[in-house]
Amino acid sequence: MPLPKAELHLHIEGTLEPELAFELAARNGVTLPYADTEELREAYRFADLQSFLNLYYELMAVLRTERDFEDLANAYLARAAAQGVRHAEIFFDPQAHIGRGVAMGTVVEGLWRALGRSQETHGISTQLIMCFLRDESAESAMETLDAAKPYLDRITGVGLDSAEVGHPPVKFREVYEAAAALGLRRVAHAGEEGPPEYITEALDVLGVERIDHGLRCLEDPALVERLVRDRVPLTLCPLSNVRLRAVDVLEQHPLPAMLDAGLLCTVNSDDPAYFGGYAGDNFDAVRQALGLDEEQLRELARNSFTASFLEHDEERRARYLAEVEAYKFG
Ligand code: ADE
Ligand code: ZN
């Protein structure tokens, strides 16, 4: 039995496996510029975040109907459940779909067909976090928040993703203020490729409660001290960092140093179909490459539930945390 864990940094579009991409392409009459899954997998060699994003957005062309989003989410949930995920807070990128003529309602209703039943079908509690694409305009982000208003009972929070450098958090001040006024939780990608100043800005200007990635906080000791003091969770994605060249090899990932520094680190999969593994695979990989011991792995699992947005159901959080404490490593 795998270690129970929550996944807090997972882009549902990043769970699109090549096999499902071709199945949906056939179903929807979409032609992909790859002969087969093997040729597509050949394209999974990324130099940086942007080179990944180009493929990530290209493959979204196959996602067209509610059923497509339902199938995508169910495929993820089945894999996540097999790797010990008990709770998932799932990102989606509505602007990447609306821009192709796929309505907000199609995306949310489709995902909800799977998420609304995931406790029963997969044993996973779920939440949705709507991300704004930071390389699109602030006006577009505000329009997206408006388009989401009929679906707010299904959306827990907002996030910020896509190409980071050159798109500082401050660009999205107004839309984050509007999201907060609607009662939405706030997170943002920061310090993946962008500088530590973006992490500080996300906290101070956007009022985020968690930082997605946050790796580059290590360049600013005062920021590390603040993140430790305020117990700001970081949703790290070790396999993603290797594939997108934020770190050279997993053996050099700073996760152990970050844990030693007292940072509230969690381990997540980001875009598992593209980066070589789901949540449990990331745990296994850091255990092997970094020599994490059982107590460090338990700490990461505990942190994932501590950092999750379960304030409306503290009983559930306590149950998950008790499972972590009782877990026996094999
Ligand atoms: N969108 C999907 N994955 C992402 C990542 N790792 N960073 C920024 N935007 C993303
Ligand atoms: Zn991400």
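As the structure lists them, so they are numbered: ligands from 1, and atoms in each ligand from 1.
H189 pairs in a ring pair (Phe, Tyr, Trp, His ring centres under 6.0 Å) with only one of the listed residues (Y198, F91, F172), which is F91.
For R185 and F309, the positive end sits near the middle of the six-membered ring, less than 6.0 Å away and at most 45° from its axis. Remark: K5 is positioned above the aromatic ring of F283, its terminal NZ or CZ atom under 6.0 angstrom from the ring centre and at most 45 degrees off the axis.
In summary, the side chains of N54 and S51 do not present any donor paired with an acceptor at a separation below 3.5 Å, with no hydrogens or angles considered. Inspection of the E164 and H213 side chains reveals no N or O donor paired with an N or O acceptor under 3.5 Å. No side-chain N or O of D135 forms a donor-acceptor pair with one of H167 less than 3.5 Å apart. Using modelled atom types and a 3.5 Å distance limit, the side chains of D212 and T235 yield a donor-acceptor pair. Using modelled atom types and a 3.5 Å distance limit, the side chains of S125 and Y320 yield a donor-acceptor pair. If you check the side chains of S162 and Y57, you find a donor sitting under 3.5 Å from an acceptor. For the residue pair N303/T306, the side-chain donor-acceptor check at 3.5 Å is not satisfied.
Ranking the protein heavy atoms by distance from atom 9 (N) of ligand 1 puts S162 N, 2.8 Å first. Among all non-hydrogen protein atoms, the one lying nearest atom 7 (N) of ligand 1 is E192 OE1, 2.7 Å. Regarding atom 6 (N) of ligand 1, its nearest protein heavy-atom neighbour is D270 OD2, 2.7 Å.
With distances taken over non-hydrogen atoms, the option nearest atom 1 (N) of ligand 1 out of H11, R243, R134 is H11. With atom 2 (C) of ligand 1 as the reference point, the heavy atom nearest to it among D135, L133, D161, D271 is part of D271.
The closest approach between L53 and ligand 1 falls below 4.0 Å for a heavy atom of the residue.
Excluding waters, the set of protein N/O/S atoms under 2.8 Å from the Zn ion (ligand 2) reads H9 NE2, H11 NE2, H189 NE2, D270 OD1.
Of all heavy-atom pairs spanning T65 and N28, the tightest one is CG2-OD1, 4.2 Å.
Neither the backbone nor the side chain of E13 has a heavy atom within less than 4.0 Å of ligand 1. When heavy-atom distances to ligand 1 are checked against a 4.0 Å cut-off, F91 has no atom that comes that close, whether in backbone or side chain. Contact annotation for E164 and ligand 1: no heavy atom of the residue comes within less than 4.0 Å of the ligand.
Each of the atoms 6 (N) of ligand 1 lies under 4.0 Å from some heavy atom of H213. Near F52, meaning under 4.0 Å from any of its heavy atoms, are these atoms of ligand 1: 2 (C), 3 (N).
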